[in-house]
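A quick note: this is a predicted structure, and the numbers were derived from the prediction, not measured. We name chains A, B, ... by the order of the sequence lines, and we start the count at 1 in each one.
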There are 2 protein chains.
Amino acid sequence: MLRLSKKTEYALIALKDIALNSRIQLMTAREISENHQVPRDLLAKILQTLTHHSIIRSVQGAKGGYILNKPVEEITLLGLIEILDGPAGLMECSLPEPVNCTYLDTCSIRCQLALLNQKILAMLQGITLRHFLRNELKAVLG
Amino acid sequence: MLRLSKKTEYALIALKDIALNSRIQLMTAREISENHQVPRDLLAKILQTLTHHSIIRSVQGAKGGYILNKPVEEITLLGLIEILDGPAGLMECSLPEPVNCTYLDTCSIRCQLALLNQKILAMLQGITLRHFLRNELKAVLG
DNA sequence: TTTTTATACGACTAAATATGTCTTATTTCA
DNA sequence: TGAAATAAGACATATTTAGTCGTATAAAAA
Ligand code: SF4
Ligand code: SF4
């Protein structure tokens, strides 16, 4: 299928919350989880992963939490997908991993799909957290 | 993830073969399977599904096989995906099925994602089998 | 009429992925 | 010291995807 993972959705929801509060205070996983009815443990792991990739910064201990670590313009949807779900690509052969597909050499649709893949990834890279804060998506998507 | 299913890829490969031979003769599942090293039984089921949806027409018995049943311009990538994998959509809440997502009401990213979803589906609908026959994709994708 | 070659159909299995939970450790503040 | 938070990773479950198998049916050819 062609679906965004829940992890990605949860990340967007959380990042939006964090972004909107960044100047005021740290946000905890608990707060975000309760705001949006997202499974807490899962959200926590997502936020940890985002921390590893320097999307957000964490503060441990009581009164701890998360805060943005990048300008909202630099947090792209494609970036989040790749951080949380691994390399993105429409076809197996568009991924960096070792490719198992045995049709590679003789595949009759590979270049057409590669072109499509390129366009979709470019679209996803063009969308940033900023577009989720305000309703600026229209401008980007034409 | 954000991946085309193997079923869809196999369908495209098969349809391209069928399209290129349609004026000459019927193509059998075996021929297509051998041409491209695609699992035969799986391919057969895919072709049956496509037959049900009138994308191709089947002829049973010896000397049987498949032939296109629609102009290549009317066979869209989105159509194939939906026939083979079910309704397409980036989010659960963009599907026709009963939606389980409990965040619906308060979801802070739904409209932005809905807009993105719309654009991607439109792109997929704009791509037809014709674009896989010749290399005309560039024109469509800009 | 029998054999061969093909599609039709549905049940079944296996593998991969996605989603969610639990436990324990560590950090920090009050 | 105790409460509240992140850190980390194992574990469990559910869903989806991919592939297989067996049997029935249809049509042409021998
Ligand atoms: S080579 Fe062809 S069949 Fe294999 S993954 Fe790429 S597009 Fe799909
Ligand atoms: S409502 Fe929000 S969280 Fe639920 S499926 Fe739609 S976009 Fe995703």
* Asked: Base, sugar-phosphate, or nothing: which does A:A44 touch, judged by heavy atoms less than 4.0 Å apart?
  -> nothing
* Phosphate-side-chain proximity, A:R30 and D:dA5, N/O vs OP1/OP2 below 4.0 Å -> yes
* Close residues, residues 79-87 of chain A, relative to DNA chain D [heavy-atom separation under 4.0 Å] -> none
* Name of the residue among A:I75, A:T49, A:L47 meeting side-chain contact (heavy atoms from CB on, under 4.5 Å) with A:I56 -> A:L47
* Asked: Are A:H52 and D:dA8 close enough that a side-chain N or O sits under 4.0 Å from OP1 or OP2?
  -> yes
* Nearest nucleotide by nearest heavy atom, which residue falls closer to the 5' end of DNA chain D, A:Q48 or B:K63? -> A:Q48
* Would one find a side-chain N or O of B:S58 under 4.0 angstrom from OP1 or OP2 of C:dA8? -> yes
* Out of C:dT19, C:dA18, D:dG19, which nucleotide sits closest to the side chain of A:L42? -> C:dT19
* Same apolar cluster (I L V M F W Y, side chains within < 4.5 Å links), A:L133/B:L113 -> yes
* **Contact nearer the 5' end of DNA chain C, comparing A:A62 with A:K45** => A:K45
* Structure fact -> From CG of B:L26 across to P of C:dT7 the rounded distance in Å is 9 Å
* Are OP1 or OP2 of D:dT17 and a side-chain N or O of B:Y10 less than 4.0 angstrom apart? -> no
* How do A:D41 and B:K7 order along DNA chain D: which one's closest nucleotide is nearer the 5' end? -> A:D41
* In whole angstroms, how far is the P atom of C:dA6 from the CE atom of B:M27? -> 12 Å
* Structure fact -> Rounded to whole Å, the CG-P distance (B:L90 to C:dA18) equals 15 Å
* Structure fact -> Closest of C:dT7, D:dA18, D:dA5 to the A:T28 side chain is D:dA5
* Which one, C:dT21, D:dA18, D:dT6, comes nearest to the side chain of B:K6? -> D:dA18
* Asked: Which pairs pass side-chain hydrogen bond (donor to acceptor under 3.5 Å, both in side chains) with one or both residues in residues 56-77 of chain A, sequence neighbours excluded?
  -> A:E73-A:R130
